[in-house]
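One structure is given below, encoded as structure tokens.
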Protein chains: 2
Amino acid sequence: MSSVSENLAKETRMRGDDRRELILEAATQVFGDHGYVGTTTAEIARAAGVSQPYVVRLFGTKQQLFLDVLGRALDQLLSTFRAALGGDSSDPVAHRIGVAYVELTRERGLLLSLMHAFVLGGDPVVGAAARAGFMDVYRFLRTEAGFSPDEAQQFLAGGMLINTLVGIRMTDDYETDPEVRELMQAAMPEKLDVVLALAEGDRR
Amino acid sequence: MSSVSENLAKETRMRGDDRRELILEAATQVFGDHGYVGTTTAEIARAAGVSQPYVVRLFGTKQQLFLDVLGRALDQLLSTFRAALGGDSSDPVAHRIGVAYVELTRERGLLLSLMHAFVLGGDPVVGAAARAGFMDVYRFLRTEAGFSPDEAQQFLAGGMLINTLVGIRMTDDYETDPEVRELMQAAMPEKLDVVLALAEGDRR
DNA sequence: GTCTATACCAAGATAGAC
DNA sequence: GTCTATCTTGGTATAGAC
């Protein structure tokens with residue numbers, strides 16, 4: 001999945017769309033780590049293997065780049081959920097989507113970039129995009145997934161806790177602190193291994 | 001409660017501790033709105049009615065100021081919870097603490113400053129403080145409030161969703177969007193009025 | 001205890017070459 | 001399509017006066 005872009009990264013010159021996608025991927029990671037304001041275009045450029053002015057050139061402004069990252073993240077999120085709606089129907093829908101959600105932590109920075117946006121509601125443009133995106137997810141849960149308002153609330157609440165635990169890097173203390181273990185097991189009874197494996201990779 | 005500090009604000013010169021508290025209050029608000037990185041010491045200074053260098057002088061660095069804000073927020077949070085543990089015992093503990101939590105949105109920026117910290121787990125010093133603070137709350141729920149791991153998880157999940165809805169300023173669309181109304185009513189069946197009234201005040 | 005002035009640096013964006 | 005060089009702004013922190 002990412003091997004395509006990794007191969008492309010080695011080219012010194014490529015089609016604009018490919019480079020764009022490559023930068024969006026890198027930007028998602030970096031924004032996820034440091035937040036919107038905390039991220040520099042230079043850092044994104046470094047992560048993508050291009051020059052800083054080129055990043056700006058391609059997306060106009062840092063803000064526009066962030067908006068593009070958010071849009072892409074939302075698309076990936078919803079299409080992952082839709083895929084889960086297919087799947088083994090002996091398994092309840094809520095469970096299938098829940099598992100799909102935790103699996104999304106694999107897409108480095110995706111959920112965290114969203115989380116950073118969610119907390120910037122005060123920004124006139126980023127905030128508006130964040131609200132719209134959040135409601136897209138809610139609408140999906142209510143209509144496509146068939147959740148009741150209360151089920152949707154429950155699901156989103158669990159999701160926000162997972163985002164928080166990942167964002168706060170609670171994984172760092174998983175081994176050493178038994179209370180952290182207890183909490184994380186309660187928050188993601190399944191698929192904890194995915195999150196932990198990912199955290200392991202990050203500590204390089 | 002805040003009238004004390006408002007009166008003090010009019011003095012051009014005051015005891016260091018009072019000015020300190022005044023600045024911490026202002027900083028909590030501003031950090032809550034714009035996040036750690038997105039906040040400038042100049043903006044905090046303006047909000048507190050002092051000069052920018054004085055803010056730095058008093059706390060050493062912006063980072064230290066943020067850490068102090070976090071510590072203060074945690075203290076207020078836990079003492080509010082402890083007060084709720086007292087209260088009318090015909091009302092279940094979980095409910096009393098839940099209501100107390102929503103009431104905390106009154107303390108402008110308190111929950112949001114915490115939320116901003118929670119998402120900065122990657123920062124070596126802020127992240128460590130955030131994790132420690134989060135676990136303080138978990139430990140309170142488990143020991144003092146007597147929650148099971150699952151009850152604590154449930155409570156924290158609901159809390160993170162409320163934080164997110166407040167941070168994303170979902171209140172802005174409450175009147176116009178029926179789906180937003182539906183979601184917010186599910187997320188905070190009680191005390192929604194407190195949050196809405198607060199949001200009203202913010203849009204000046 | 002608090003201010004004004006300012007040094008210093010980092011970051012986003014632009015110009016223009018290749 | 002992509003880079004190097006650079007302009008410009010804004011933000012933290014320091015020095016030093018009152």
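Below, chain A is the first sequence line, B the second, and so on; all start at residue 1.
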Problem set entry | Position toward the 5' end of DNA chain C (nearest nucleotide), K62(A) or G49(B) | G49(B)

For this session: On DNA chain C, check which nucleotide each of P53(B) and P53(A) is closest to and give me the residue with the more 5' one.
Result: P53(B)

Rounded distance in Å - [atom1] ([X]) to [atom2] ([N]):
| X | N | atom1 | atom2 | value |
| --- | --- | --- | --- | --- |
| I44(A) | dA13(C) | CD1 | C1' | 14 Å |
| D17(A) | dG1(D) | CG | C1' | 12 Å |
| F59(A) | dA13(C) | CZ | P | 13 Å |
| E43(B) | dG10(D) | CD | P | 14 Å |
| L58(A) | dG1(D) | CG | C1' | 9 Å |
| R57(B) | dA15(D) | CZ | P | 9 Å |
| F31(A) | dA11(C) | CZ | C1' | 13 Å |
| Y54(A) | dT14(C) | OH | P | 17 Å |

Exercise. Taking OP1 and OP2 of dG1(C), is either one under 4.0 Å from a side-chain nitrogen or oxygen of R19(B)?
Worked result: no

Exercise. Closest approach of D136(B) and R139(B), non-hydrogen atoms and distance?
Worked result: OD1-NH1, 3.2 Å

Exercise. For A152(B) and R142(B), which heavy atoms make the closest approach, and how far apart are they?
Worked result: CB-CD, 4.3 Å

For this session: May I ask you to say what S51(B) touches in the nucleic acid, namely base, sugar-phosphate or nothing, with a heavy-atom cut-off under 4.0 Å?
Result: base

Exercise. Which part of the nucleic acid does T40(B) contact within heavy-atom distance under 4.0 Å: base, sugar-phosphate only, or nothing?
Worked result: sugar-phosphate

Exercise. Counting only distance, no hydrogens or angles, is the base of dA11(C) paired donor-acceptor with the side chain of Q52(A) under 3.5 Å?
Worked result: no

For this session: Kindly say whether, by distance alone, the side chain of R46(B) makes a donor-acceptor pair under 3.5 Å with the base of dG11(D)?
Result: no

For this session: Please check if any side-chain donor atom of Q64(A) sits under 3.5 Å from a side-chain acceptor atom of D68(A), or the reverse.
Result: yes

Exercise. How many angstroms lie between CZ in R169(A) and CZ in R131(B), if you round to the nearest 0.5 Å?
Worked result: 8.5 Å

Exercise. Within 45° of the axis and under 6.0 Å from the centre of the six-membered ring of Y36(B), does NZ or CZ of K62(B) qualify?
Worked result: yes

